[in-house]
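As the structure is a computational prediction, the values presented were derived from the model and not from experiment. Chain letters run A, B, ... following the sequence lines, proteins first, then strands; residues in each count from 1.
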Amino acid sequence: MTNYGFYFDAESCIGCHTCQVACKDVHDLPVGTNYRIVRSFCTGAWPAPGLYHLSLSARGCDLCSDLRECGEAPACVTACPMRCLEFGDLDALRRAHEGERLVDHAAPVANADMANPNILMRLKDCMLDPDYDEIII
Amino acid sequence: MDVKLRKGEEGAQWVSVPCWHNCGGRCLIKALVRDGEILRMKTDDVHEDTWERPQMRSCPMGHAMRQQVLGEDRLRHPMKRRHWSPEDPHRELRGVDEWERISWDEALDYLADELKAAKEEAGNESILYMNMINLEGYLGQVLAAFGGYLDCTGTQSTGTFGLANPQFGFGELYGSSNDRMDLENSDYIVLMGHNAAWCAFGQASLYLKHAKEKGAKFVFVGPEYSFTAGFANAQWIPVRPGTDTALLLGVAYSMITRDEDGSLIDWDFLDRCTVGFDAAHMPADARTDESFRDYVLGMSDGIPKTQEWASEICGTPVELIDLFADINSCKNRVSFHSNSAPARCKGSENYPQMLMTIAAMGGHFGTPGNSCANDQYYGAMNSGILVHVPYSGTPVRFTNAGNPVGKCVSLDSIWDAILDGEYWDAGNNFPGCEVHEPVRETCDVRVLISEANNFLASQANTNRGIEAFRKVGFVFASAYYMKVDAQYADVVVPVTTRWENAQAHLYGGTNMKDKECSFASRAPIPRVGESRSDREVAAGVAARLGFDYEAMNPKSDEQCWFEQITQSAVMYPDGPRPIASVTEADLDRYGVEGEPQEGIMPLEQYLDEGGYRQERSYDDPWANPMAQPFAAFVADPEANPLPTTASGKFEIYCQAKSDWFDRVNGYADGGEGIMDFVRVSPLPKHLEAPETYQASFTDWEHKVKGPYPVQMTHLHYLRRAHTDCDNLPWLREALQNPVFINKQDAEERGIKTGDVVRVFNGNGQFLRPASVTRTVMPGVIVVPHGASARIDRATGIDLAGADNILTSSNRTTTPFLNSWNSNLVQYEKYVGSIELPPDCEMPPIIPLAE
């Protein structure tokens, strides 16, 4: 049975929230309901910080089953301006990204705490640093 | 097109719609439309996404755009303030009054009557059209026919890149970076305040991603480690706002004193391609004998511009100044991409020339991987024109030559001019216009007109602006939502968006887009409420003033829309090739004038696809190394001199630049200067100025801080295109508009992320949630640009975090210079009684109860 999930390239994410807003538009979600969220974090120390973002499925995300029935990809995937998101069978995604350092968690978010734990993330080094601050944008 | 849709979407069609904002990018968006309703949006999916032809994917604003067009806060009817009448205007109630519906006839009658009264009582100069050299808008032409109006000028986005740059070598205002196919050839990509991820949406960040994957390394120079820097894993060179010239002087010192036989400095480039670097290379027209080298080494003023000298001013650690010098070495291929943010500072008059100088010292012009440009937005990382789109929109643009009133007020001091009744007029710095010595002029502004702009939000010193609005006799605004100008107006009329009215676009035409693409869109939505197009408004005003509008402006909006699309062409070396084929049937279908033509694809296909993107290759004509900016000049400067400089070379010593500034700043003919206008040397010297880091001290030597010790700078923010889109609920939710503050500074003040902070200075105060971060320099607060002020009536505190609540007016250092990025403020954890809700929970502004 196919085990659907997302691939997320944390090395290329600019934290623009396009994925979140595209999702809201496609599913006509009211303020207060998000099927995808973006969180931003900084690490390191002056004058050499690190900065990374996580785009994560939230409760309600079913990988746009309605769009997939029409032959379209999930809204966030086609919207991402940095081409960070892919979807599909997790094993197939793993094979397609063989050679990349892939993780399923980051320092602030354990895999078990994710709404959708079926995620492979291309590692950005600073995202495993336990010394981080979450920022709002 | 046989596209499968979701259940409930039957009968809907995908339509390419314009994304028309002044956001710094341009992308392709489509709306799924049925019976005038938008079911959802999508972005470019026309072609397979490749490096040679990337899809033109939207930012978050494009996906939220139906909230702008069909939001509940769209204006639907003409209105006037409840307590306003021509006889009894109650000016003090502007901004705090209620609204009542009026008819279009009433609204336009009021405007026409007020214009006639103002002209009769105080002359045409008493009418201030809040525009700038007819940048956009239809009313300028009508007002010019009526006898004219007081116009405005200013550098706006360009900062000091808009002042005397051609004289020393930067002839192209909007950038001269190499073609994007060359970007990966740079060993180092240096981003000078250039947060492309937020200020140049479109594909600039995608180009940076490609270069990153090819091994280019990045440097980000700025007061904050921006989201672009974070994405690129850039080396941060921190620099305080407005001190970039000092930093680069320190880098120059480092290079000069540490160079060993050309290990850092490209002496051959300096010799062949520049003048003014040292005594042996002074230009023929120099009226002093001070060379750049003399100045940097302290031989002329006794102050060597050492790394320590620079660091004291700019805050950059000394070792990073040396690192920057090493990166800039002629042994590396380096492309510099500068935003204008460092040039939108008081005292930054020499920054563009200094940037050119530092790049020249490393030889970074005109060869593969080497470039230096102000490419801050639309053409970021990819300067030039490959697909040409003419701007054929509003009837008059970029000139006020038809305006019998020749006077211009500088946007930096527009509110002061209105309140004080006088201002310095130095002419107009816009290309094609004239500047002159500053002349003290008087004015008596009776009527303010806000058409396509939002000056109370976009220009400095909003509180002073509100005073100015409340002083004049009459304020008129056209708007599609209650922009700030409309909130403080007397009469407001609803206008269509470009999804309701097909018209040509300014942003998206000519150089206001990536060079290799163009867009074609329709207006598929019926007019909202009683909205009229801007052109119809102008025609209504013209009729009441006694003019035949159709004779004045014979082209319909649809004609202009059609022409812009059908005149778009790929600029091949052997001539332009139109994108759209046009037939007689097309001309009939749209009811427009024109000729059939051969193009790359049928017109309807172009409109359906929504855009055209040239498929690139590394060996196409535009990627040719000799086609890049300055390539011919660098290869043979004698045969290919720079067309805009006196010497034909890059002028590190530029007499013409100094003379230009002397003239407009009041130093010509023995003048001693005016107000805060600076004396600008032929060399790129450090300048002192108001509201800078140095000015934050009452005692510089002993480092005693004054009352406003923190520097505030702003950044273009993805929730807004300048001040536009601020009201869209999904964007207000996703992007919370915090203030970004340094972690140590925050800890000293007891502030954590999420706490409400009050930011204040002598111009005003606002509240915002804090975002405490390691990515902002100490002593700096970063504010997202463009929020619309929401002023709490009881306290006068702005709840929205509008940057211009805190910016000063009338303190700038060259008459035309908009220097928003020089601000001194203080901030503290807020302890008052106001409960600040998240932006997405603030009520929308809906003036009429339906």
Side-chain angles (χ1 to χ4, degrees), chain A residues 9-34 36-38 40-53 64-67 69-73 75 78-84 124-126 131-137, chain B residues 3-7 27 39-43 45 49 57-64 66 197-198 201 203 205-206 209 212 225-231 233 235-238 316-317 320 718 729-736 738 740 743-744 753-754 769 771-775 777-778 840-841:
Chain A
D9 180 359
E11 185 62 57
S12 300
C13 178
I14 56 172
C16 66
H17 291 245
T18 301
C19 52
Q20 174 187 7
V21 178
C23 170
K24 290 191 79 87
D25 169 71
V26 163
H27 302 293
D28 210 11
L29 301 178
V31 167
T33 303
N34 292 282
R36 177 161 287 277
I37 58 169
V38 178
S40 299
F41 303 91
C42 58
T43 61
W46 168 268
L51 189 55
Y52 67 95
H53 320 279
C64 290
S65 59
D66 54 353
L67 288 184
E69 272 169 30
C70 301
E72 293 187 41
T78 47
C80 177
M82 297 301 282
R83 288 66 166 163
C84 294
K124 187 175 164 88
D125 281 329
C126 51
D131 176 25
Y132 63 85
D133 292 308
E134 183 158 10
I135 63 174
I136 56 174
I137 74 155
Chain B
V3 171
K4 192 151 178 258
L5 298 173
R6 299 182 298 183
K7 250 203 306 272
C27 309
L39 304 183
R40 59 177 156 115
M41 303 293 297
K42 71 174 177 178
T43 188
D45 62 358
D49 186 41
R57 294 191 186 181
S58 164
C59 75
M61 290 191 276
H63 290 275
R66 59 178 161 126
W198 284 16
F201 222 89
Q203 291 88 55
S205 295
L206 192 66
K209 176 183 175 184
K212 178 183 171 191
Y225 191 68
S226 68
F227 275 37
T228 308
F231 149 73
N233 299 323
Q235 168 68 51
W236 190 16
I237 308 286
T316 311
L320 293 185
L718 271 183
W730 288 332
L731 297 175
R732 292 171 76 80
E733 178 185 26
L735 296 147
Q736 298 168 62
F740 298 92
K743 187 172 177 181
Q744 269 66 52
T753 290
S771 185
V772 176
T773 177
R774 310 177 193 195
T775 58
M777 279 180 90
C840 58
E841 289 174 25

J.: What is the minimum heavy-atom distance between A:Pro47 and B:Trp236, and which atoms define it?
T.: O-CE3, 3.5 Å
J.: For B:Glu733, what residues pass the side-chain hydrogen bond (donor to acceptor under 3.5 Å, both in side chains) criterion, not counting sequence neighbours?
T.: A:Lys24, A:Asn34
J.: Nearest 0.5 Å, what's the CD-NZ distance between A:Glu11 and B:Lys209?
T.: 10.0 Å
J.: With chain A as the partner, which of B:Thr43, B:Leu735, B:Leu320, B:Leu718 has the greatest number of non-hydrogen pairs under 4.5 Å?
T.: B:Leu735
J.: For the CH2 atom of B:Trp730 and the CG atom of A:Asp25, what is their distance to the nearest 0.5 Å?
T.: 4.5 Å
J.: Please look at A:Thr78 and chain B and tell me whether the side chain, the backbone, both or neither of the residue comes under 4.5 angstrom of a heavy atom of that chain.
T.: backbone
J.: Could you have a look at A:Ser40, A:Cys80, A:Gly71 and say which one has the most heavy-atom pairs with chain B under 4.5 angstrom?
T.: A:Cys80
J.: Quick check on B:Lys743 against chain A: is it the side chain, the backbone, both or neither that has a heavy atom closer than 4.5 Å?
T.: side chain
J.: Going by heavy atoms in the side chains, are A:Val21 and B:Leu731 under 4.5 Å from each other?
T.: yes
J.: Heavy-atom distances under 4.5 Å only: say whether A:Cys13 touches chain B with side chain, backbone, both or neither.
T.: backbone
J.: Which bit of B:Met777 comes within less than 4.5 Å of chain A, counting heavy atoms only: side chain, backbone, both or neither?
T.: both
J.: Measure distances from A:Thr33 to the heavy atoms of chain B and classify the residue's part below 4.5 Å as side chain, backbone, both or neither.
T.: backbone
J.: Using 0.5 Å steps for rounding, measure from the SG atom of A:Cys42 to the CZ atom of B:Arg774.
T.: 5.5 Å
J.: Examine whether an atom of B:Thr228 lies under 4.5 Å from a heavy atom of chain A, and if so say whether it belongs to the side chain, the backbone or both; otherwise answer neither.
T.: neither
J.: Search all heavy atoms of A:Arg83 against all heavy atoms of B:Arg57 and return the closest pair with its distance.
T.: NH1-CD, 3.6 Å
J.: Under the ring-ring contact (aromatic ring centres under 6.0 Å, His included) rule, collect the residues that match up with B:Phe231, sequence neighbours excluded.
T.: none
J.: Look at A:Val38, A:Ile37, A:Thr43 and state which one has the largest set of heavy-atom pairs under 4.5 Å with chain B.
T.: A:Thr43
J.: Out of A:Glu69, A:Glu72, A:Met82, A:His27, which one racks up the most heavy-atom pairs below 4.5 Å with chain B?
T.: A:Met82
J.: Just how far is it from atom CD1 of A:Ile136 to atom OG of B:Ser771, taken to the nearest 0.5 Å?
T.: 5.0 Å
J.: Does any heavy atom of chain B fall under 4.5 Å from the side chain of A:Leu29, the backbone, both, or neither of them?
T.: backbone
J.: Please report the C-alpha distance between B:Phe740 and A:Ile137 in whole Å, then the side-chain angles of each, then the deciding distance to 0.1 Å, and finally whether the side-chain contact (heavy atoms from CB on, under 4.5 Å) criterion is met.
T.: CA-CA 8 Å; B:Phe740 298 92; A:Ile137 74 155; 4.1 Å; yes
J.: Looking at B:Asp45, B:Leu5, B:Asn233, which makes the most heavy-atom pairs under 4.5 Å with chain A?
T.: B:Asn233
J.: What are the two closest non-hydrogen atoms of B:Tyr225 and A:Leu51, and how far apart are they?
T.: O-CD2, 3.7 Å
J.: Quick check for you: among B:Pro729, B:Ser205, B:Pro778, which has the greatest number of heavy-atom pairs under 4.5 Å with chain A?
T.: B:Ser205
J.: Look up atom OG1 in B:Thr775 and atom CG in A:Asp133, then write down how far apart they are to the nearest 0.5 Å.
T.: 10.0 Å
J.: Heavy-atom pairs under 4.5 Å with chain A are the metric here; pick the option from B:Ala197, B:Cys27, B:Pro738 that has the most.
T.: B:Pro738
J.: At their closest point, which heavy atom of B:Arg66 faces which heavy atom of A:Asp28, and how far apart are they?
T.: NH2-OD1, 3.5 Å
J.: Going by the angle between their ring planes, with limits at 30° and 60°, are A:His53 and B:Phe227 parallel, tilted or perpendicular?
T.: tilted
J.: Tell me, for A:Glu134 versus chain B, whether the close heavy atoms (under 4.5 Å) come from the side chain, the backbone, both or neither.
T.: backbone
J.: At a heavy-atom distance under 4.5 Å, which candidate from B:Ala734, B:Gly230, B:Cys840 has the highest pair count against chain A?
T.: B:Ala734
J.: Side chain, backbone, both or neither: which part of B:Lys212 has a non-hydrogen atom closer than 4.5 Å to chain A?
T.: side chain
J.: Any side-chain heavy atom of A:Val26 within less than 4.5 Å of one from B:Arg6?
T.: yes
